[in-house]
Amino acid sequence: MLRRALIVGNWKMNGLLEGALELGEGIQAGLAEREGRKVICEVVICPPFIALHPLNERLGGSSLKLGGQNMSAEGMGAHTGEISGLMLRNVGCRYVLLGHSERREMYGETDALVAKKTAVAFQDGLNPIVCLGEKEAERDGGQTLEVVAAQLEAVIPSLPEPLSQRQKLVVAYEPVWAIGTGRNATPEQAQEVHGFLRERLVDLLGEKVGNRIRLLYGGSMKPGNAAALLTQPDVDGGLIGGASLKVSDFLAIIDALPS
Ligand code: PEP
């Protein structure tokens, strides 16, 4: 298998600690049931920061992995209110979401900042999941491929040299107009962009690495549309927001992966 499927839940700023523990344990129980039946994909949850340590204590050693929703571009030190990559690693995270459109739009994160965070994530031993995608006006203006190409190219200089490390980059294509709106990209629209991103990755990094980097689709993925999206040849998994907050919906999306 060239690329192992990856399903990531982005819980955003939802829930309190008890709810987060219940949700994480519910997902883990569902995965444990499935593990006996078929080869399972890789599953990551990205809870709010305060839930990471207690979830790591309860889930540590299980197949369910943890990710941060964001991290600082700086190392440890005088950065009030920030969370470093090493801190995320320290509470069991293997992944970190970077450049989510909500961070880009609401908190002014630029391509340059996302690139800096990508470099720091690799240095700190985290696998970055770099989010990119076009706004509605950009799609309407026919600029989708140009926009995602620029966002992708911005992070390439941040990748470490060894090929074994570079291929740990994950890219999530999330059209901004589809996030939290209930309007998903059609499978054809998703494949068009994913196929283009795959070609760019191969051009920029060579066949070996370009063909191994996983491309996730995100934007109103639900149990009802997951199978059609996840069976596209260059869609290697999903980044799920709203539907990751309900155990049965999240597990139904995992079940929709082609076996
Ligand atoms: C997201 O926030 O990354 C996302 C894909 O959200 P939703 O699934 O709710 O559209």
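Read the numbers this way: they start at 1 and go in the same order the structure lists the ligands and their atoms. Any value given below was found using the heavy atoms of this structure, including those in side chains, with hydrogens, waters and symmetry copies removed. Just so it is clear, the structure is predicted and the values come from calculations on it, not from any experiment.
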Interfacing atoms of ligand 1 (cut-off 4.0 Å, heavy-atom, [X]):
X	value
G180	7 (P), 9 (O), 10 (O)
G241	4 (C), 5 (C), 6 (O), 7 (P), 8 (O), 9 (O)
G219	5 (C), 10 (O)
G242	7 (P), 8 (O), 9 (O)
N10	1 (C), 2 (O), 3 (O)

Can [X] be said to touch ligand 1, with heavy atoms closer than 4.0 Å?
X	result
A178	yes
A243	no
H100	yes

Inset, instruction - Would you check if there is a donor-acceptor pair between the side chains of Y217 and Q191 at a distance under 3.5 Å? - result: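 The answer is no; no qualifying pair exists.
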Legend entry - Atom pair NZ/CG of K168 and L126 - distance to nearest 0.5 Å: 11.0 Å
Inset, instruction - Start with the C-alpha distance between E134 and W177, add both sets of side-chain angles, then the distance that settles side-chain hydrogen bond (donor to acceptor under 3.5 Å, both in side chains), and finish with yes or no. - result: CA-CA 8 Å; E134 82 286 3; W177 47 272; 2.9 Å; yes
Legend entry - Within 6.0 angstrom of R89 CZ, more than 12 heavy atoms from elsewhere: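 Atom CZ in R89 is not packed in, count stays at 12 or less.
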Inset, instruction - May I ask you to identify, for I179, whether its side chain, its backbone, both or neither come under 4.0 Å of ligand 1 on a heavy-atom basis? - result: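 The part of I179 near ligand 1 is both the backbone and the side chain.
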Legend entry - Side chain, backbone, both or neither: A172 near ligand 1, heavy atoms under 4.0 Å: neither
Inset, instruction - Indicate the atoms forming the closest heavy-atom contact of P48 with K12, along with that distance. - result: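 That would be CG-O, 3.5 Å.
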Legend entry - For D236, the option from R212, R214, R3 that meets salt bridge (Lys or Arg N to Asp or Glu O under 4.0 Å):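 Among R212, R214, R3, the one meeting salt bridge (Lys or Arg N to Asp or Glu O under 4.0 Å) with D236 is R3.
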Inset, instruction - State, yes or no, whether a side-chain contact exists between P47 and L66 at a heavy-atom distance under 4.5 Å. - result: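 Answer yes - side chains close enough.
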Legend entry - Heteroatom proximity flag, T181 to ligand 1, N/O under 3.5 Å: no
